[in-house]
Protein chains: 2
Amino acid sequence: MYDPLIKNLSKFVPLSSQEAEIIESLFTFKKYRKKQYILQEGDVTRFETFIVKGVTRTYEVDDKGQEHIVQFGLEDWWVGDLYSFLTGSPTTYNIDCLEDTEVLHITKADLETLYEKVPKMERHFRIMIQNAFIASTRRLSASLARSAPERYEEFIKKYPQIEQRVANHQIASYLGITPQTLSRIRSQSQ
Amino acid sequence: MYDPLIKNLSKFVPLSSQEAEIIESLFTFKKYRKKQYILQEGDVTRFETFIVKGVTRTYEVDDKGQEHIVQFGLEDWWVGDLYSFLTGSPTTYNIDCLEDTEVLHITKADLETLYEKVPKMERHFRIMIQNAFIASTRRLSASLARSAPERYEEFIKKYPQIEQRVANHQIASYLGITPQTLSRIRSQSQ
DNA sequence: TCAAAAAGTTAATCTAGGTTAACGGATTTT
DNA sequence: AAAATCCGTTAACCTAGATTAACTTTTTGA
């Protein structure tokens, strides 16, 4: 159950079996059903989430009631609202499951304990967040400089696994376009 | 000369004077003129840059030759292309100066040395990148969910210092709109 | 297992913001 | 200090993608 997590956390720094044990003691396993919320707007994010199995979406709802998907989550990915988690302020995001999903949660206090007991985890999370930051910057560039068909093409090239597993209207929401527009793009691109 | 850097680096973790000395030995001071490039598309980013004084812009040029500003840099900010810096691949960004600018550079090897000699710097950079990631995520949400006037309003609320110091067409480029559209927004909002 | 809901597609119309162009004022450059 | 370039603004027109709507196909859950 903890294997995928240990494998993820030893991606950048080697871990001894004692360290792996400490890690296991600080995470909590939980199952969610399809459509179930992991996090809801207005909640304070009490934990960061590692996905063992399943698919999640993180989205915001704007003033006009429209949903905008900010991130998908698949096996071996981390999801959560870092801002709310770190500051204790209520989140503006919703996270729910597109399939039955199994996760490992860690609270803020336990993450601090982890950094204390296994200091090399600072390095791991620095590198991990660095990579997430780079990805976010690139997506931002794309959203400013690319047309809808270009963004769609980039998306299926970059995340073929996601394209297989989530519905088209979810991808449209991620790309910032309507399902109708995506449908037109798809019919024209072949 | 190094004072603003030491102050920046001790924001999240306390630093002794020996540690401050190590830091000073690893950074290089450099002056740039207005319009001068710090980094150009195709270069490999050899250093991360801390701004002591001045203003920079980081931008990408798309297929149609249009510039898209990804980030502004002011005093006490870090700029650079983390992806190119970390992987050694050529950058797709340009960084140039909107005013005469003074910076402190650190190379990848020296940053590794810094992490080794002052391990608490891992923590500092983890938190710093965490904050940058959060900011990038929020800007991404805004670019997907907000209209141009809303994005402009958010921008001047969040970065009044930038609004004072950079030209409007630069702000338009940052917001992903044309200078004409920004001009229309500005004339309607008062 | 079948009715209801959700998802995908296509087409007609609408609109936010882009494009082009022209002009006056402010900076730079020589 | 003249010439050249850059900036901001306004206006007329254009276009990518949104909206609305109607219909078909697929999925869901009672």
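Please read all numbers here as calculations on a predicted model, not as lab measurements. Every chain is numbered from 1, with letters handed out A, B, ... down the list of sequences.
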Just checking, B:R138 and A:Y83: is the charged tip under 6.0 Å from the six-membered ring centre and within 45° of the axis? yes

Rounded to whole angstroms, how far apart are CG on B:N168 and C1' on C:dT27? 15 Å

Starting the side chain at C-beta, find the nucleotide from C:dT19, C:dG18, D:dT19 nearest to B:T181. C:dG18

Quick note, A:S183 side chain, CB onward, closest among C:dT9, D:dA18, D:dA12 is C:dT9

Look at A:T178 and D:dA18 and indicate whether a side-chain polar atom (N or O) is within less than 4.0 Å of OP1 or OP2. yes

Taken to the nearest whole Å, CG/A:L98 to P/C:dA7 is 10 Å

Regarding C:dT10, can its base be found pairing with the side chain of A:Q180 as donor and acceptor, where the two atoms are less than 3.5 Å apart? no

Are any of A:H169's side-chain N or O atoms less than 4.0 Å away from OP1 or OP2 of C:dA6? no

Do side-chain atoms of A:E75 reach the backbone of A:G54 as a donor and acceptor pair under 3.5 angstrom? yes

Is it true that a side-chain atom of A:Q188 and a backbone atom of A:I185 form a donor plus acceptor pair closer than 3.5 Å? no

Would you indicate, yes or no, if D:dT9 has its OP1 or OP2 atom less than 4.0 angstrom from a side-chain nitrogen or oxygen of B:R186? yes

Which part of the nucleic acid does B:K34 contact within heavy-atom distance under 4.0 Å: base, sugar-phosphate only, or nothing? sugar-phosphate

Roughly, in whole Å, what's the span from CG in B:L175 to C1' in C:dG17? 13 Å

Using a 3.5 Å distance criterion without hydrogens, assess whether the side chain of A:S10 forms a donor-acceptor pair with backbone atoms of A:L15. no

